[in-house]
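In this text the structure is predicted, and so the values were computed from the model without any measurement.
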Number of protein chains: 2
Amino acid sequence: MTTSPIATSRPRTVKLTEAVARLIVDDIVRRDLPAGAALPTEADMAVQYDVSRATVREALRILETNGLVLVRAGRYGGPQVGAADPVAFGRSLTWFLQLRRTHFWEVLEARVIVEPLMASLAAQRRSPSTREELTAAVDAHRALDPGDHAAYLAATQDFHGLIAGISGNGVLDLFGRALKEIYTERAIAEIRPADRHQEVLEEHERVVEAILAGDADLAERTMREHMQELAKGFERQYATLKDEVVGWW
Amino acid sequence: MTTSPIATSRPRTVKLTEAVARLIVDDIVRRDLPAGAALPTEADMAVQYDVSRATVREALRILETNGLVLVRAGRYGGPQVGAADPVAFGRSLTWFLQLRRTHFWEVLEARVIVEPLMASLAAQRRSPSTREELTAAVDAHRALDPGDHAAYLAATQDFHGLIAGISGNGVLDLFGRALKEIYTERAIAEIRPADRHQEVLEEHERVVEAILAGDADLAERTMREHMQELAKGFERQYATLKDEVVGWW
DNA sequence: CGCCATTTGTCCGTATGTATA
DNA sequence: TTATACATACGGACAAATGGC
């Protein structure tokens with residue numbers, strides 16, 4: 001019928017397009033180019049790799065969806081090195097989740113599970129600069145105008161991102177931040193002030209305290225309690241969204 | 001210099017290519033097509049969406065890297081619905097890790113952390129069929145010819161994949177399996193028999209026992225011990241690989 | 001402000017490679 | 001083995017966008 005017998009594994013023949021994509025990444029890594037650095041124009045790449053512009057463009061589309069490059073039209077435009085940031089990774093992750101019919105509650109549950117682990121790791125890995133960063137973040141949070149909802153969101157965002165970074169594990173960092181992006185983009189974007197500002201601040205303070213004390217178990221527990229509170233609030237406000245399949249942004 | 005001031009945010013103008021990519025996915029989801037189902041040919045899509053074949057091809061490259069479609073040449077070839085499987089996701093993840101200069105030990109550490117969690121979840125979510133699946137997997141492992149290295153690898157692969165599935169969380173499942181793929185592709189592929197077959201089997205048995213007993217804490221602990229043993233063995237054998245940046249396969 | 005050079009975005013036509021009945 | 005139907009890859013052309021002047 002319409003479904004072919006075997007659909008796994010990749011095609012045997014390697015596509016020129018993908019080879020070019022890898023050459024471009026090799027170039028970025030070898031020259032250690034930072035995000036934002038200019039890459040050759042499509043035309044130049046076509047000459048450099050001795051392929052047509054169409055092939056170069058397909059390679060750039062591959063890299064672009066993965067956040068590795070950024071292509072802008074117009075004069076002084078052209079391909080740039082991308083940030084490969086968690087936002088882009090979250091977007092990529094979302095494609096997979098959508099086709100696998102993953103429900104939104106699974107994203108939330110994954111966060112509830114992963115965030116405490118990163119807090120635990122952060123407590124074990126804290127460095128001299130850690131104290132300043134964390135206290136600065138909490139202080140900024142504490143000093144906020146209680147009515148400024150946007151600032152409140154930004155502060156909580158920073159908090160979780162900061163701990164992810166301190167965890168010292170790039171894989172979990174990337175994953176945790178991507179989950180946060182998917183969650184916030186879909187949920188928080190529409191949320192009405194939860195009147196939990198004060199409680200959230202206190203919970204954050206307890207987590208920071210545990211991390212700075214180097215108490216990994218306590219950091220993990222307090223962060224888990226915090227995430228469970230967050231999940232409960234979500235379930236109250238988004239009973240319908242919970243069982244929806246993850247889509248795009 | 002060559003680095004432009006701002007490189008964040010996406011380009012303002014929406015590319016036709018991306019719009020077509022979304023339309024194709026919409027079509028897959030709306031018609032609820034399973035992996036392997038045939039999609040229209042490039043030429044048909046060009047007519048259907050009223051764009052050029054070049055645009056369709058770029059859209060297909062986007063979807064192909066994300067495992068959403070699979071394109072094969074030749075007669076009775078053409079675009080198919082992809083599996084969006086952990087292997088494809090791992091490949092996508094690897095692009096990001098490479099550009100972020102993530103070290104291989106971070107992948108391993110993430111596994112050591114995530115696998116026990118999935119075991120814990122599995123113990124809480126076990127269903128009637130769980131017992132059969134797990135006991136069957138362990139029985140198959142136990143019955144292996146001790147010298148059959150390939151079979152041993154397949155058995156351990158199955159074991160971790162099975163638990164990931166039982167965990168009931170699609171996000172962690174996808175993530176855990178992808179990490180496993182990156183790890184095994186790079187490490188196990190070259191490994192020499194570790195003479196740990198018997199011990200590994202016993203460790204697996206202990207984990208299964210805990211899951212079937214519904215003891216989440218015990219499942220988590222035993223799995224963590226198992227993963228830490230695995231990590232130790234890795235560090236002995238791959239002292240150099242450990243600090244390498246993750247690349248492709 | 002509008003002009004203008006540069007680069008991508010999009011299209012078409014054609015030739016070649018590839019997989020299957 | 002051959003014929004067929006498909007993707008793969010090429011080259012050239014024009015439209016649109018961008019940013020400095």
Can we say [X] and [Y] salt-bridge, meaning some charged N sits less than 4.0 Å from an Asp/Glu carboxylate O?
| X | Y | answer |
| --- | --- | --- |
| B:Asp26 | B:Arg22 | no |
| B:Glu64 | B:Arg61 | yes |
| A:Asp44 | A:Arg53 | no |

D:dA7, C:dA21, C:dT10: which one has an atom nearest the side-chain heavy atoms of B:Val71?
-> D:dA7
Of all the choices, C:dT20, D:dG20, C:dT8, which nucleotide is nearest to the side chain of A:Pro79 once you look at every atom?
-> C:dT8
Pairwise distance OG(B:Ser92) to CG(B:Leu97) - rounded to 0.5 angstrom | 9.5 Å
Take atom [atom1] of [X] and atom [atom2] of [N], then tell me their distance rounded to the nearest Å.
| X | N | atom1 | atom2 | answer |
| --- | --- | --- | --- | --- |
| A:Arg72 | D:dA16 | CZ | C1' | 16 Å |
| B:Leu60 | D:dA9 | CG | C1' | 15 Å |
| A:Lys15 | D:dC10 | NZ | P | 14 Å |
| A:Tyr76 | D:dT18 | OH | C1' | 10 Å |
| B:Arg61 | D:dA9 | CZ | C1' | 11 Å |
| B:Gln80 | C:dA19 | CD | C1' | 13 Å |
| A:Met45 | D:dA9 | CE | P | 17 Å |
| A:Leu70 | D:dT18 | CG | C1' | 14 Å |

Taking only N and O in the side chain of B:Arg57, is any of them less than 4.0 Å away from OP1 or OP2 of D:dC6?
-> no
Let me have a per-nucleotide readout for nucleotides 11-18 of chain C, 5' to 3', with B, S or -, counting only protein heavy atoms under 4.0 Å.
-> BS----BB
Would you please indicate yes or no on a ring centroid separation below 6.0 angstrom for B:Phe96 and A:Phe175?
-> no
Any side-chain heavy-atom pair from A:His204 and A:His160 closer than 4.5 angstrom?
-> yes
At under 4.0 Å between heavy atoms, what does B:Gly77 touch on the DNA or RNA strands: base, sugar-phosphate, or nothing?
-> nothing
Look at all strands and tell whether B:Glu42 reaches a base, only sugar-phosphate, or nothing, counting heavy atoms closer than 4.0 Å.
-> base
Sequence neighbours excluded, the answer for side chain to side chain contact (heavy atoms under 4.5 Å, CB included) partners of B:His103 is B:Trp105, B:Glu106, B:Val245
